[in-house]
2 protein chains.
Amino acid sequence: MRQKTTAAERRAGLAAAERACSRSGKKLTPLRRRVLELVLNAGKPVGAYNLLKSLRADGFSDAPPTIYRTLEFLQAQGLVHRIAKSNTFVACSRPHDDHFGLIFVCRQCGGAVELEEQQVIADIGCCAGRLGFQMSRQVLEVEGTCRDCGAAL
Amino acid sequence: MRQKTTAAERRAGLAAAERACSRSGKKLTPLRRRVLELVLNAGKPVGAYNLLKSLRADGFSDAPPTIYRTLEFLQAQGLVHRIAKSNTFVACSRPHDDHFGLIFVCRQCGGAVELEEQQVIADIGCCAGRLGFQMSRQVLEVEGTCRDCGAAL
DNA sequence: CTCGTAACGTTATACTGTAACATCATTACA
DNA sequence: TGTAATGATGTTACAGTATAACGTTACGAG
């Protein structure tokens with residue numbers, strides 16, 4: 001599974017952050033910008049305490065609330081997703097629009113690929129409707145083995 | 001969202017456990033049986049440490065490995081699902097067959113409803129196929145607000 | 001200028017989960 | 001029947017994840 005982020009993708013992610021913040025009237029502070037950069041640079045899901053270590057090197061506070069608050073902000077802007085099954089965070093692949101994504105996470109390499117599948121979303125929305133259930137914006141996590149790791153077995 | 005389990009459902013869950021164990025050659029010990037009962041009785045997702053408290057009252061060890069090992073066993077038998085987004089465990093609604101389920105979890109009341117939607121599963125399988133991704137059996141978690149909680153707002 | 005608010009820092013702690021090893025029970029088999 | 005192998009459970013200790021509560025700083029609005 002691809003684990004690199006191109007320079008273009010990183011720029012696009014930061015540009016999306018600028019737009020998201022100006023749209024919502026929030027500020028993309030140096031801390032928030034830096035955390036987003038770290039997540040973008042990782043190119044795959046990364047843990048909160050790993051990010052925290054990097055922040056220390058940059059002179060920011062390395063206490064847990066620092067990173068959790070910042071990630072919460074980035075999530076609220078739709079720039080970062082939390083992957084509950086592995087307690088990690090990953091940059092959103094389509095930060096330009098509110099979406100309901102589908103993310104495939106490899107158990108072996110930890111890599112992740114995010115898709116937006118209209119058909120799946122529509123079907124799930126239909127189920128939710130029958131249940132009278134209101135979905136919130138989120139990503140669905142699908143665990144398994146990616147092509148590269150499967151081939152390596 | 002419905003949060004009760006009927007006596008019939010509890011009996012069915014335990015009967016399924018007997019079958020699953022005899023099929024796999026594993027033993028449904030008193031501890032395992034009791035934990036499954038507790039999860040069935042809860043009728044909604046329940047945390048590991050809550051279960052642990054109940055075990056203490058029954059004279060079992062209340063150290064964390066007790067409950068995590070037992071839940072792992074029950075998951076392997078397909079009797080219990082883990083809900084990563086809330087770090088909880090819930091009885092499987094269809095313990096009779098290996099399946100790939102879709103579970104709707106209410107943020108307000110913590111209740112959950114599990115569906116098996118062939119169309120959704122097929123669509124996701126199709127995406128996975130295009131990615132060369134091998135899915136493992138699991139449940140997809142959809143977060144939101146259930147009918148009752150939504151009506152109460 | 002100062003007030004209000006948002007952002008960030010700091011301390012402490014709660015919650016969730018696992019590693020490693022000991023003990024006990026059961027089964028199979030010499 | 002002894003005993004070895006295995007599976008199940010108990011026990012201790014700790015690692016990893018996350019949040020509460022409160023203090024401090026920065027900064028724009030009035």
Side-chain angles (χ1 to χ4, degrees), chain A residues 17-18 20-36 38-39 45-77 79-90 105 107 110 141 143, chain B residues 17 20-36 38-39 45-77 79-90 107 110 141 143:
Chain A
E18 303 279 10
C21 288
S22 74
R23 187 164 11 108
S24 64
K26 303 296 175 65
K27 281 180 286 194
L28 188 63
T29 62
L31 173 61
R32 291 168 175 173
R33 187 182 185 87
R34 182 59 185 145
V35 170
L36 179 56
L38 289 170
V39 175
V46 55
Y49 280 72
N50 276 340
L51 294 169
L52 214 44
K53 272 189 245 170
S54 307
L55 284 185
R56 181 185 312 150
D58 293 332
F60 293 102
S61 162
D62 65 343
T66 301
I67 193 64
Y68 284 103
R69 280 195 292 232
T70 307
L71 288 169
E72 186 179 26
F73 173 84
L74 294 173
Q75 283 179 261
Q77 306 305 311
L79 300 166
V80 160
H81 296 304
R82 173 176 151 78
I83 301 179
K85 284 177 177 171
S86 53
N87 296 316
T88 53
F89 301 83
V90 68
V105 184
R107 280 216 187 86
E141 306 165 22
E143 277 193 336
Chain B
C21 288
S22 72
R23 186 165 11 106
S24 64
K26 303 296 175 64
K27 279 180 289 195
L28 189 63
T29 63
L31 173 61
R32 291 168 176 174
R33 186 182 184 86
R34 183 59 185 144
V35 170
L36 179 56
L38 289 170
V39 175
V46 55
Y49 280 73
N50 275 341
L51 294 169
L52 214 45
K53 272 188 244 169
S54 306
L55 285 185
R56 180 185 312 148
D58 293 331
F60 293 103
S61 163
D62 65 341
T66 301
I67 192 65
Y68 283 103
R69 282 196 291 233
T70 307
L71 287 169
E72 186 179 26
F73 173 85
L74 294 172
Q75 283 179 261
Q77 306 305 311
L79 300 166
V80 160
H81 296 303
R82 173 175 153 75
I83 300 178
K85 284 177 177 172
S86 54
N87 297 317
T88 54
F89 300 85
V90 68
R107 280 217 187 86
E141 306 164 23
E143 279 192 335

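Below, chain A is the first sequence line, B the second, and so on; all start at residue 1. FYI, side chains are in, hydrogens and waters are out, and symmetry mates aren't considered; it's all heavy atoms of this structure.
- For Tyr49(A) against dA18(D), a side-chain-to-base donor-acceptor contact under 3.5 Å is present.
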Distances under 3.5 Å only, N/O to N/O: pair up the protein atoms with those of nucleotides 25-29 of chain D.
none

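- Atoms NZ (Lys85(A)) and P (dG17(C)) sit 14 Å apart, rounded to a whole Å.
- The local environment of CD in Gln75(B) is crowded, with over 12 non-hydrogen atoms from other residues, nucleotides or ligands closer than 6.0 Å.
- Rounded to whole Å, the distance from CD on Gln77(B) to P on dA8(D) is 10 Å.
- Between Arg34(B) and the phosphate of dT9(D), there is no side-chain N or O to OP1/OP2 separation shorter than 4.0 Å.
- Pro45(A) approaches Gly110(A) most closely through the heavy-atom pair CD-O, 3.0 Å.
- Arg82(B) has a side-chain polar atom (N or O) that falls below the 4.0 Å cut-off from OP1 or OP2 of dG17(C).
- Judged purely by atom type and a 3.5 angstrom limit, Arg32(B) uses its side chain to pair as donor or acceptor with the backbone of Lys27(B).
- Distance from the side chain of Thr29(B) is smallest to dT9(D) among dT9(D), dG17(C), dC8(C).
- Using a 4.0 Å cutoff on non-hydrogen atoms, no part of residues 51-58 of chain B comes near DNA chain C.
- With a 4.5 Å cut-off on side-chain heavy atoms, Val46(B) and Leu38(B) do not count as touching.
- Interface residues of residues 59-69 of chain A facing DNA chain C, ordered by number: Ser61(A), Ala63(A), Pro65(A), Thr66(A), Arg69(A); criterion, heavy-atom separation under 4.0 Å.
- Heavy atoms of other residues, nucleotides or ligands lying less than 6.0 angstrom from CD of Glu18(A) number more than 12.
- The main-chain N or O of Asp62(A) is never found under 3.5 Å from a side-chain atom of Thr66(A) such that the two would form a donor-acceptor pair.
- Going from atom NZ of Lys26(B) over to atom P of dT6(D) covers 15 Å, rounded to whole Å.
- For the atom pair CD1 (Ile67(B)) and OH (Tyr49(B)), the distance works out to 10.5 Å, reported to the nearest 0.5 Å.
- Glu141(B) places a side-chain N or O within donor-acceptor distance of the main-chain N or O of Ala84(B), the cut-off being under 3.5 Å.
- Note that the OH atom of Tyr68(B) and the CZ atom of Arg82(B) stand 7.5 Å from one another [nearest 0.5 Å].
- Distances shorter than 4.0 Å separate some side-chain N or O of Asn87(B) from OP1 or OP2 on dG17(C).
- Atom CG of Leu71(A) and atom P of dC8(C) are 12 Å apart (whole Å).
- Between Leu51(B) and Leu71(B) the shortest side-chain heavy-atom distance falls below 4.5 Å.
- A heavy-atom distance below 4.5 Å is found between the side chains of Leu31(B) and Leu55(B).
- We find that CD of Glu72(A) is positioned 15 Å from C1' of dT17(D), with the value rounded to whole Å.
- In this structure, Leu31(B) atom CG and dG7(D) atom C1' are separated by 13 Å, rounded to whole Å.
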